[in-house]
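Counting starts at 1 for both ligands and their atoms, following the listed order.
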Amino acid sequence: MKIGIINGPNLNLLGLREPTIYGQEGFETILKALEARYPTHTFVYFQSNIEGELINAVQDMALRQGCAGILLNAGGYTHTSVALHDAIKAVSVPVLEIHLSQVAAREEFRHTSLMGVACRGTISGFGKDSYRLGVEAVVSSL
Ligand code: DQA
């Protein structure tokens, strides 16, 4: 199964960025661990700090790359992006909203997700395991 993973703004700084909230590992390490754990699945990974590039990646993974599911951690755009919401609605591939931190327990502005209602489900608060749980959800329920 081909599974897409899209990380949004500032997630290129994982490991350096507020490590008490987001952990000490960079995403390369997290991705390698996923690849080792799920050797029969293929992961397509994309990260950008630019909203439109995230939208292009949703469309590309869903319509051209044939991903069975997409794990999307849109970072701060989670809370602001109508355009990402629309992109998720535009494709039939299920998209899961992923967060390392438990956004519901943080600042109030993080309690709103404009993408969430367009997503198949949300996994939030399990650190790097949020991605692994996302893979489990894609593999077992889709
Ligand atoms: C995040 C939570 C967002 O609120 C924040 O803007 C991020 C990371 C998370 O993974 O916990 O950049 O998506």
Side-chain angles (χ1 to χ4, degrees), residues 1-39 41-65 67-142:
M1 189 181 275
K2 198 187 258 193
I3 299 169
I5 302 178
I6 302 173
N7 276 340
N10 303 305
L11 291 162
N12 55 315
L13 298 182
L14 272 189
L16 301 173
R17 172 193 184 201
E18 299 183 272
T20 54
I21 298 175
Y22 298 118
Q24 302 203 326
E25 285 172 78
F27 197 74
E28 289 307 307
T29 308
I30 295 169
L31 182 59
K32 278 202 177 85
L34 287 176
E35 286 167 340
R37 190 179 182 112
Y38 301 99
H41 300 307
T42 304
F43 295 95
V44 183
Y45 176 60
F46 181 77
Q47 188 278 330
S48 177
N49 295 325
I50 299 166
E51 187 176 11
E53 290 187 353
L54 300 176
I55 292 163
N56 287 345
V58 169
Q59 294 182 6
D60 188 56
M61 287 184 187
L63 302 175
R64 281 175 284 282
Q65 300 211 50
C67 289
I70 298 172
L71 311 183
L72 173 58
N73 184 349
Y77 290 134
T78 302
H79 316 295
T80 62
S81 181
V82 173
L84 260 176
H85 168 113
D86 290 345
I88 296 163
K89 291 285 251 194
V91 298
S92 55
V93 168
V95 178
L96 274 62
E97 177 182 356
I98 304 289
H99 299 290
L100 293 139
S101 64
Q102 167 56 311
V103 285
R106 298 183 63 194
E107 302 97 323
E108 204 166 333
F109 63 84
R110 296 186 205 276
H111 298 182
T112 301
S113 168
L114 297 189
M115 295 168 21
V117 288
C119 287
R120 175 72 169 263
T122 300
I123 299 172
S124 180
F126 298 98
K128 65 181 179 182
D129 276 344
S130 291
Y131 292 90
R132 181 181 60 76
L133 294 167
V135 173
E136 289 291 334
V138 170
V139 170
S140 65
S141 70
L142 305 178

- Is any side-chain heavy atom of L72 less than 4.5 Å from a side-chain heavy atom of E97? no

- Query: In Å, rounded to the nearest 0.5 Å, how long is the span from CG of L54 to CZ of F46?
  - Reply: 6.5 Å

- Could you name the option among S101, G23, P9 that has the heavy atom nearest to atom 11 (O) of ligand 1? S101

- Donor-acceptor pair, side chain of S124 and main chain of S101, under 3.5 angstrom: yes

- Message: So H99 and T78, do their side chains get closer than 4.5 Å, heavy atoms only?
- Response: yes

- Query: Just distances here: any N/O of R106 and N/O of ligand 1 closer than 3.5 Å?
  - Reply: no

- Purely on distance, is any nitrogen or oxygen of G76 under 3.5 Å from one on ligand 1? yes

- Item | Residue, atom name and distance, where the atom is the protein heavy atom closest to atom 1 (C) of ligand 1 | H99 ND1, 3.6 Å

- From Y131 OH over to L34 CG, what is the distance, rounded to the nearest 0.5 angstrom? 9.5 Å

- Message: Quick check on Y22 - does any of its heavy atoms sit under 4.0 Å from an atom of ligand 1?
- Response: yes

- Query: Do any N/O atoms on V103 end up under 3.5 angstrom from N/O atoms on ligand 1?
  - Reply: no

- Query: Taking NZ, NE, NH1 and NH2 as the nitrogens, is one of them in D86 or K89 under 4.0 Å from a carboxylate oxygen of the other?
  - Reply: no

- Looking at ligand 1, does T78 have a heavy atom less than 4.0 Å from it? no

- Is there a nitrogen or oxygen of R17 sitting under 3.5 Å from a nitrogen or oxygen of ligand 1? yes

- Item | N or O pair under 3.5 Å between R110 and ligand 1 | yes

- Message: Could you tell me, atom by atom, which parts of ligand 1 come under 4.0 Å of a heavy atom of N73?
- Response: 1 (C), 9 (C), 10 (O), 13 (O)

- Query: Under 4.0 angstrom from ligand 1, any heavy atom of H79?
  - Reply: yes

- Query: What is the nearest protein non-hydrogen atom to atom 9 (C) of ligand 1, stated with its residue, atom name and distance?
  - Reply: L100 N, 3.4 Å

- Query: Rounded to the nearest 0.5 Å, what separation is found between the NZ atom of K2 and the CZ atom of F43?
  - Reply: 12.5 Å

- Derivation of the side-chain hydrogen bond (donor to acceptor under 3.5 Å, both in side chains) call for N49 and Q47: CA-CA 7 Å; N49 295 325; Q47 188 278 330; 3.0 Å; yes

